[in-house]
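The structure appears below as structure tokens.
Order of the sequence lines fixes the chain letters, A, B, ..., with proteins taken first and strands second; residue numbering starts at 1 for each chain. Computed over heavy atoms, backbone and side chain alike; hydrogens, waters and symmetry mates excluded.
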There are 2 protein chains.
Amino acid sequence: MTEAVAGAGNERPARGQLRAALIVESFALLSEKGMAGFSVAELARRLKVSTAAPYRHFRNREALLAVVAAQAADELTRTMETAASAAGPDPVDRLAATAGAYVRHVSDRGAGLDVIFARELRPLRDADLARAGRGLMTLLLDLARQAGHRDPSRALLLLEQLFCLAHGYITLDAADFLTFSRHSPEDVATRATDAATALLRGNAT
Amino acid sequence: MTEAVAGAGNERPARGQLRAALIVESFALLSEKGMAGFSVAELARRLKVSTAAPYRHFRNREALLAVVAAQAADELTRTMETAASAAGPDPVDRLAATAGAYVRHVSDRGAGLDVIFARELRPLRDADLARAGRGLMTLLLDLARQAGHRDPSRALLLLEQLFCLAHGYITLDAADFLTFSRHSPEDVATRATDAATALLRGNAT
DNA sequence: GTCTATAGAGCGATAGAC
DNA sequence: GTCTATCGCTCTATAGAC
């Protein structure tokens, strides 16, 4: 259904659909080039519109990225909720599954914590992005609490460990560091989940 | 002694010293802007030479970065050797200290595994960079072996976990994600070391 | 709402003077 | 070995036509 907006082969979007198409295609571009390599001009080229067209819908590059980041946070929250539910009743399994789901989701969609909490989007003080970011953190803190970390600052430290681990897998995979033993994106997610499980086990004792 | 080459306040380097000064200053620039934000023009500006001058010493941007990356790998190897020695006889402590030293070193120097094994430097097939990268991996595999992981492919997986964790701390710290509880760079290194210890503990059982 | 055209900036890299 | 000057490219963003 996203194809109805953006087109599988990047057909030019129907009139009035450019705003939505820009957001859809932004994820693909982020996934390929990362945040630093993201450009509005490239985005316009892919959608076969002029470089001026995007600026009818977003004040500037940052405003577009803020909308994308907010949507990324919402998506991520839903994906992790689902993964936690599917992982069964053990709260440690649920947390580990969340970390694995993070890796899978970000390697797929290209926008993770680095985009959602990006330094360069902070000055915007975008209300929707702030809301989405808080929603994500709330879910994570809740999962950590259920895993027995009732002290919030302890829970935060555990989450920090867990998501530094998961994010490291994404970053070093993108940098081709994991090429040694890498077979598929799914493979990386599996290894990240295993690592998360070990990390949680080590914190329990 | 590096100041003798680059100058504390970025004085223009003495004639014949530009090549060395370019390498020194590259670390500072990488540390501030990261690999994507690194530019030869900016480097020249900081050293108060023309934008053409660096190209007398390096064929292009990538050739310069390859030399920097090779030196970064050598430095990192030495730093980690030292940290492992200082950590005492327990091989698990030694590995954890290595991860912490990685975080400390990279947050200081700006060039970690992402630079050393960067995708964009791979096509160069630079012999010195390859040597330095192998040296780094050899040290790490050796430390993993001493920690009881005699199967090389098992050892590789453990190292992968450990350095994805450490690198995640660097990346998310750079993205300002750790701002919540962050006090100093040293603080981040300490937390990374704690996380590494937990991860190793979880792998032991 | 989209286009063409353009201003203005930064970068990589080269030519030729000194 | 360093300079000035310049080319060609990409990017962000705006003005004005349609």
Hey, can you pull the residues of residues 49-64 of chain B with a non-hydrogen atom under 4.0 angstrom from DNA chain D?
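Within residues 49-64 of chain B, the residues near DNA chain D are Val49(B), Ser50(B), Ala52(B), Ala53(B), Arg56(B), His57(B).
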What is the separation between atom [atom1] on [X] and atom [atom2] on [N], rounded to the nearest whole Å?
X	N	atom1	atom2	answer
Leu47(A)	dC3(C)	CG	C1'	16 Å
Lys33(B)	dG10(C)	NZ	C1'	11 Å
Leu65(B)	dC11(C)	CG	P	14 Å

Nearest non-hydrogen partners of Gly100(B) and Ala189(B), listed with the distance:
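Looking at all heavy atoms of both residues, the closest pair is O-CB, 4.0 Å.
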Summary of salt bridge (Lys or Arg N to Asp or Glu O under 4.0 Å) pairs that have at least one residue in residues 60-77 of chain B, sequence neighbours excluded
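Pairs touching residues 60-77 of chain B that pass the test: Arg61(B)-Glu120(B), Asp74(B)-Arg131(B), Glu75(B)-Arg109(B).
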Close side-chain approach of Glu160(A) and Leu156(A), heavy atoms under 4.5 Å:
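No, every pair of side-chain atoms sits at 4.5 Å or beyond.
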Please collect all ring pair (Phe, Tyr, Trp, His ring centres under 6.0 Å) contacts where either partner lies in residues 56-84 of chain A, sequence neighbours excluded, each pair once.
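Qualifying pairs, neighbours excluded: none.
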Any Arg19(A) side-chain N or O less than 4.0 Å from OP1/OP2 of dG1(C)
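Checking dG1(C) against Arg19(A), no side-chain N or O comes under 4.0 Å of OP1 or OP2.
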Indicate whether OP1 or OP2 belonging to dG1(C) is found under 4.0 Å from a side-chain N or O atom of Arg12(A).
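No, no such contact exists.
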For Leu43(B), the option from Ile23(B), Thr51(B), Leu29(B) that meets side-chain contact (heavy atoms from CB on, under 4.5 Å)
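Result for side-chain contact (heavy atoms from CB on, under 4.5 Å) with Leu43(B): Leu29(B).
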Taking DNA chain C as the partner, which of residues 34-44 of chain A come within under 4.0 angstrom of it by heavy atom?
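Going residue by residue through residues 34-44 of chain A, none turns out to have a heavy atom under 4.0 Å of DNA chain C.
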Hey, can you tell me if Tyr102(B) and Phe163(B) have their rings parallel, tilted or perpendicular (30° and 60° cut-offs)?
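Answer is perpendicular, since the angle exceeds 60°.
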Would you tabulate the side-chain donor-acceptor contacts of residues 132-144 of chain B under 3.5 Å, counting partners in other chains and residues two or more places apart, or write 'none'?
unit_1, atom_1, unit_2, atom_2, d
Thr138(B), OG1, Arg134(B), O, 2.7
Asp142(B), OD1, Arg145(B), NH2, 2.6
Asp142(B), OD2, Gln146(B), NE2, 3.2

Report all side-chain donor-acceptor pairs from residues 30-39 of chain A shorter than 3.5 Å, counting only partners two or more places apart or in another chain.
unit_1, atom_1, unit_2, atom_2, d
Glu32(A), OE1, Arg46(A), NH2, 2.9
Glu32(A), OE2, Arg46(A), NH1, 3.2
Ser39(A), OG, Glu42(A), N, 2.9

